Structures are given as C-alpha cells and as structure tokens.
Protein chains: 2
Amino acid sequence: MTSPPVVDQADQADQVEQVEQPVHRCGALLEHLARRLRLRSESVLAPLGLRPRHLVALTVLRARGGSTQQALASTLEMDGTNVVGLLNDLEAEKLIERRRSPEDRRRHIVELTEAGAERLARAECALAAVEDEVLGALDHDQRETLFSLLQQVATRGVEAACVEADTGSVEAACMAEAAAHDEVPPC
Amino acid sequence: MTSPPVVDQADQADQVEQVEQPVHRCGALLEHLARRLRLRSESVLAPLGLRPRHLVALTVLRARGGSTQQALASTLEMDGTNVVGLLNDLEAEKLIERRRSPEDRRRHIVELTEAGAERLARAECALAAVEDEVLGALDHDQRETLFSLLQQVATRGVEAACVEADTGSVEAACMAEAAAHDEVPPC
DNA sequence: ACTAATCATTGGTCCTGCGTCAATCATCTT
DNA sequence: AAGATGATTGACGCAGGACCAATGATTAGT
C-alpha cells in the first residue's frame with residue numbers, strides 16, 4: 001500500500017524514504033497554480049507577441065547565455081522538432097539568433113539578442129502584476145520563500161536534465177550558477 | 001485566514017515597491033516545473049485511470065470538504081461544461097458524489113467519497129517517486145512548507161475568483177505595475 | 001574515400017485539452 | 001405564470017504538442 005517501490009533510478013542520491021510521515025504531495029497544487037498563472041499570462045503576453053513557452057525558452061537562454069539547440073530541447077523537455085518551430089517564432093522577431101557552432105558546423109548555437117533580452121524584461125515586468133494577482137494570498141516573505149523553494153528545485157532539475165542528456169556538464173554548471181544568483185530583471 | 005485587505009491598485013502599487021528588495025518572479029519557473037512534473041505524472045497516473053487534472057480536482061475537493069460545482073469551476077478556473085465532464089469521469093469511478101443542495105436543489109454539492117480519498121492517496125503514493133525525482137532538492141520540511149504555500153494560494157481561489165470577476169481587469173493592474181516600474185529604461 | 005551516424009529543418013499527421021455555442025431539464029425568484 | 005439560474009449533453013473548433021519520414025549539411029568510423 002504505502003510500500004514505495006524504490007524501483008527506478010537507485011543511482012541518485014537516495015531520497016528520504018517517505019515513511020509514515022505525512023509528506024503531502026504538491027504536484028496537483030503546483031499544476032493548478034501553474035495553470036492559473038498561465039491563463040493570465042497568455043492574455044498579458046499576447047500584446048507582446050509572446051506565449052508562455054516562448055518566455056520559458058527566452059528565460060533559459062538568458063540564464064545560460066546561449067545554448068545548443070539540443071541542450072535547449074532537453075532542458076525544456078520538448079521534442080526537437082517542436083523546438084525548431086519555437087525558435088523559428090523567436091527568430092522571426094529577431095529575439096534570438098542562430099549561429100553555427102565552429103566546432104561542429106551541424107549544430108546551431110542559439111543566443112538571445114538585444115531585442116530578445118529587452119522583450120523578455122518587458123514581459124517579466126508585465127508578468128509581475130499577474131503574479132501579484134495570483135499569489136495575492138501570500139505576503140512578501142511567503143513569496144520569497146516560495147521563490148527560493150522553486151529555485152532550488154529548478155536548479156537541481158537542470159542538472160538532472162543535463163545529466164540525462166549527457167551533454168556537456170559545463171552547461172549544467174553555467175545554468176546552475178545563473179539560476180543560483182539573484183538575477184534581478186531590470187525593472 | 002490572513003484576510004488580505006481589499007487591494008485597490010494604488011495601495012497595491014505602494015505595497016509592491018515597499019522595499020528595495022525586488023519581488024522575484026516565479027512564473028517561468030513554475031511553468032517549467034509544472035510541465036516537467038506533469039510529463040512524468042501522466043505515465044505514472046495512467047495505470048490508476050487518472051489524469052493530472054483529475055488529481056487536481058480531487059485534491060481541491062479534499063482540501064475543502066465538499067464544494068458547489070460552481071465554486072469548483074471557479075477555483076479550477078475551468079469552464080462549467082468542462083467541469084461537468086471532469087466530474088463525470090470521477091463519478092463514473094465512484095470517486096466523488098454529487099448531491100443536490102438542500103437550499104437550492106438546482107445546485108450540486110460535490111464530495112469526495114471513501115474510494116475517492118483512497119484513490120487519491122494511492123495516486124499520491126505513486127507520485128512519490130516522481131516528486132522525489134523532481135523535488136529531490138527539497139527536504140521534508142521544505143516540501144511541507146511548499147505544500148502549505150501552494151495550498152494557501154489554491155484555496156484562496158474561491159473568494160478571489162468572485163472578487164476578481166467584478167473588480168478584476170488584469171490589464172489595469174498590469175498597467176499600474178508597469179507605470180510603477182517604468183522609470184527603468186529597458187522596461 | 002566511402003559509408004554511416006548526427007543535427008537541423010520541413011512538412012505532415014494525429015491526439016488531447018479546452019473553450020464555446022445551442023438546447024434541454026429542473027428549480028428558484030419575482 | 002414568466003423569467004432567471006444551475007447542471008447537463010452534444011457538437012464544433014482551435015491550439016499545443018508528440019510523432020514520423022525525408023532532406024541537406026556535416027562529421028566520424030573503418
């Protein structure tokens with residue numbers, strides 16, 4: 001019943017076995033919250049010509065200052081072909097640039113442009129209002145707590161993604177570092 | 001019940017810029033995280049005959065012991081007709097019960113059944129591995145904190161939905177926020 | 001050098017979630 | 001009695017995203 005099949009990756013740092021201690025599952029709540037945020041984000045982002053996933057992609061790109069398309073796909077956990085379309089959107093508006101990698105000219109290195117960074121900043125500014133609305137039940141300290149918790153998770157998640165993809169661990173370090181320090185958007 | 005003071009835009013703007021410490025934005029973080037969680041959850045939940053949104057609904061129902069269908073719809077921010085389908089799924093498997101409200105017999109009061117609570121618990125147990133994988137960076141206490149924060153936000157949706165329905169123009173709040181920050185050049 | 005594998009790209013297909021509309025029935029309100 | 005409201009059903013459509021196949025460019029294996 002509550003016997004946790006410890007199957008799967010045993011190689012990972014063994015987690016604290018969820019014993020009889022009532023560990024609540026926040027998956028559903030997280031999903032719910034993300035959904036509510038997304039619903040509002042879409043309308044706010046629309047005038048900027050962006051959609052939520054564009055924002056996620058831009059955020060990742062800013063965080064690591066350029067990335068292989070593959071690495072981006074594995075971080076976003078999206079199919080490669082869909083990433084192409086996503087990047088096409090962004091490139092069409094000059095928000096990103098694709099350069100061929102000097103080492104391996106098959107690869108594309110994706111980078112944020114000036115316009116991209118600016119657009120991202122503006123979007124974040126607009127989203128701040130949305131977050132204020134959705135997270136209205138939390139006071140300032142609570143939001144900071146939430147943020148730091150999410151940040152911990154996200155940081156670790158990136159490691160995991162990169163490990164899975166088994167690409168350069170350099171990227172992992174880069175992303176982890178970028179996510180770790182307070183990255184205050186310019187607004 | 002923190003009973004947040006009814007915020008009008010001016011007050012809110014004042015409060016937002018309260019400190020020099022910037023309010024961090026977790027939108028993209030949340031979105032990304034939720035997506036990763038959902039991708040894994042779906043495969044885990046499938047054998048149980050549940051999908052993520054079912055879990056969300058069950059969780060909300062458990063959080064408050066029973067709810068009007070309308071309240072549920074507004075909390076989930078889903079269209080009423082879609083909620084009907086969702087509840088049909090759940091009722092078909094006896095996970096919830098619909099009772100007519102004694103005061104207004106048009107209304108349905110939705111409640112978790114024994115089987116529903118059990119199934120939910122089992123699903124959460126099954127999701128343990130998934131969450132451990134994604135939330136591995138958090139210890140027990142941190143997860144509890146995260147849970148309580150999320151739940152606070154989630155359950156607030158009841159009142160918020162009504163209030164926002166009347167007062168809420170997201171654009172207004174957005175513009176107020178933007179105006180407050182517009183001193184910064186790039187934004 | 002020739003072949004096989006890899007990356008990005010395009011185009012196409014399919015499924016699913018979800019919003020919406022229209023109609024119906026039961027019930028409440030006036 | 002007449003209209004408004006809640007729940008329900010069925011149909012339609014759109015968009016996100018996964019998946020597959022083929023192509024061009026490039027690199028790697030032998």
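Model, not experiment: these values are computed from the prediction. Throughout, a chain's letter reflects where its sequence line sits, starting with A, and its residues are numbered from 1.
Following rounding to the nearest Å, A:Glu77 (CD) and D:dC19 (P) show an atom-to-atom distance of 12 Å. If you measure from atom CD of B:Glu103 to atom C1' of D:dG6, you get 14 Å, rounded to the nearest angstrom. C:dA8 atom C1' lies 13 Å from atom CD1 of A:Ile96, rounded to whole Å. Atoms NE2 (A:His54) and P (D:dG17) sit 9 Å apart, rounded to a whole Å. For A:His32 and C:dG17, the NE2 to P distance is 17 Å, given to the nearest whole Å. Here the C1' atom of nucleotide C:dC7 and the CG atom of A:Asp79 are 13 Å apart, to the nearest Å. In this entry the distance linking CD of A:Gln69 with C1' of C:dA8 reads 6 Å, nearest Å. Between the CG atom of A:Leu72 and the P atom of C:dT9 there is a distance of 11 Å, rounded to whole Å.
If you run side-chain contact (heavy atoms from CB on, under 4.5 Å) between A:Arg53 and each of A:Leu86, A:Asn82, A:Leu58, only A:Leu86 comes through.
B:Arg51 comes within 4.0 angstrom of sugar-phosphate atoms only, judged by non-hydrogen atoms across all strands, and of no base. Within 4.0 Å of B:Asp104, counting heavy atoms only, lie sugar-phosphate atoms of the nucleic acid but no base atom. Within 4.0 Å of A:Arg35, counting heavy atoms only, lie sugar-phosphate atoms of the nucleic acid but no base atom.
Between A:Arg107 and C:dC7, a side-chain N or O to OP1/OP2 separation shorter than 4.0 Å is present. Side-chain nitrogen and oxygen atoms of A:Asn88 include at least one within less than 4.0 Å of the OP1 or OP2 phosphate oxygen of C:dT10. Of the side-chain N and O atoms in B:Arg100, none sit less than 4.0 angstrom from OP1 or OP2 of D:dA7. One finds a side-chain N or O of B:Arg53 lying less than 4.0 angstrom from the OP1 or OP2 phosphate oxygen of C:dG17. Checking the phosphate oxygens (OP1, OP2) of C:dT9, a side-chain nitrogen or oxygen of A:His108 falls inside 4.0 Å.
You'll find the side chain of A:Leu90 reaches within 4.5 Å of the side chain of A:Leu50, heavy atoms only.
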#### Entry: Verdict with supporting geometry, B:Ser101 and B:Glu103, side chain to side chain donor-acceptor pair (under 3.5 Å)
CA-CA 5 Å; B:Ser101 164; B:Glu103 303 109 12; 3.1 Å; yes
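With hydrogens and angles ignored, a donor-acceptor pair closer than 3.5 Å exists between the side chain of A:Arg106 and the base of C:dT6. Between the side chain of B:Asn82 and the base of C:dG19, a donor-acceptor pair under 3.5 Å is found.
Of the candidates D:dT8, D:dT27, D:dA7, D:dT8 carries the atom nearest the B:Arg98 side chain, counting heavy atoms from C-beta on.
A donor-acceptor pair is defined here as one N or O able to donate and one able to accept, closer than 3.5 Å; such a pair exists between the side chain of A:Arg100 and the backbone of A:Arg106. For B:His108 (side chain) and B:Gln70 (main-chain N/O), no donor-acceptor pair under 3.5 Å exists by modelled atom type.
Nucleotides of DNA chain C nearest to A:Val84 and A:Arg38 differ in position, and the one nearer the 5' end is that of A:Val84.
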